[in-house]
Amino acid sequence: MKKITLTAILAAMTAFALLSCESTKKESSAAVQADTEEDLEYQRSINKIEGAAVSKETFNADKAAILQKIAELNVIMGKKDYNSWLKYISKDSKTYWSDTYTLSKAAEKLPKEKKGVKLKNLNDYFIHVFIPSRAGRQIDEIRYNSAESVKAVQVTKSEEDGKTKITVYYNFVKEGGDWKVELPQM
């Protein structure tokens, strides 16, 4: 009887140990898969970088900072708060898009529903171009041009052909240690 009880206890302990190892393997495998997706995103983000390399830690910090800025910009766009928006825009972009000739050329390229709208100043650009082209967009990843220049993109996969489409909604440049929106030039 003692042998049977001892054997049963040993069998139970062995089964428990095997199950514990198996669940640890599953947890470990899930962690590796999660790390792999993070690694893949990091590689996609830096694969076209020019100049100095960007560490994974810098990538994570930059992505968090940029996504935070975009969240703040979403609130600003919702309120149509031009003065707050200006604080997020790079100096070069403010200069370029304050030029009346640039604004008149941009007005000519507005979509049909905006035809006839005059862009007289940067506030008009904010209301008629910036907000409509970015409001409600989902930003999934960032992509580096250089350590000082980043695109914030939406990644969508076509169900028809399985191809990945990248849509750039924001360009950011580092200015004085802070990420600022760089408005695209024509």
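Residues take their numbers from the sequence shown, with the count starting at 1. These values consider heavy atoms only, across backbone and side chains, with no hydrogens, waters or symmetry-generated copies.
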* Asked: Given the rule in the side-chain contact (heavy atoms from CB on, under 4.5 Å) test, do I127 and Y82 qualify, once you have shown the distances and angles that lead to the verdict?
  -> CA-CA 8 Å; I127 298 296; Y82 172 71; over 6 Å; no
Determine all donor-acceptor pairs shorter than 3.5 Å in which one atom belongs to a side chain in residues 145-157; sequence neighbours excluded.
unit_1: N145; atom_1: ND2; unit_2: S149; atom_2: OG; d: 2.9
unit_1: S146; atom_1: OG; unit_2: E148; atom_2: N; d: 3.2
unit_1: S146; atom_1: OG; unit_2: S149; atom_2: N; d: 3.3
unit_1: Q154; atom_1: OE1; unit_2: Y169; atom_2: OH; d: 3.4

pair [X]-[Y]: side-chain heavy atoms closer than 4.5 Å:
| X | Y | result |
| --- | --- | --- |
| D124 | K118 | no |
| M77 | N74 | yes |
| R134 | L73 | no |

Approximate separation, where rounding is to 0.5 Å, of [X] [atom1] and [Y] [atom2]:
| X | Y | atom1 | atom2 | value |
| --- | --- | --- | --- | --- |
| N47 | Y42 | CG | OH | 11.0 Å |
| T58 | K56 | OG1 | NZ | 12.5 Å |
| K63 | I66 | NZ | CD1 | 10.5 Å |
| K165 | S158 | NZ | OG | 9.5 Å |
| K114 | L119 | NZ | CG | 9.0 Å |

* Asked: How about K91: does its NZ atom have over 12 heavy atoms from other parts shown lying under 6.0 Å from it?
  -> no
* Relative to each other, are the rings of Y144 and F59 parallel, tilted or perpendicular (30° and 60° limits)? ->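 Ring orientation of Y144 relative to F59: tilted.
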Where is the tightest heavy-atom contact between [X] and [Y], given as atom of each residue plus distance?
| X | Y | answer |
| --- | --- | --- |
| L122 | L103 | N-CD1, 4.2 Å |
| K80 | F126 | C-CE2, 3.7 Å |
| V168 | N171 | CG1-OD1, 3.8 Å |
| R44 | R143 | O-CD, 3.3 Å |
| S133 | V129 | OG-O, 2.8 Å |

Indicate every side-chain donor-acceptor pair of residues 178-186 with a distance under 3.5 Å to a residue at least two apart or in another chain.
unit_1: D178; atom_1: OD1; unit_2: K69; atom_2: NZ; d: 3.0
unit_1: D178; atom_1: OD2; unit_2: K69; atom_2: NZ; d: 3.2
unit_1: W179; atom_1: NE1; unit_2: D62; atom_2: OD1; d: 3.3
unit_1: K180; atom_1: NZ; unit_2: K87; atom_2: O; d: 2.5

* With distance as the sole test, does T102 use its side chain to make a donor-acceptor pair with the main-chain N or O of W97 at under 3.5 Å? -> no
* Answer yes or no: is there a donor N or O on one side and an acceptor on the other, between the side chain of S98 and the main chain of T95, under 3.5 Å? =>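 No; judged by distance alone, with no hydrogens or angles, the pair does not exist.
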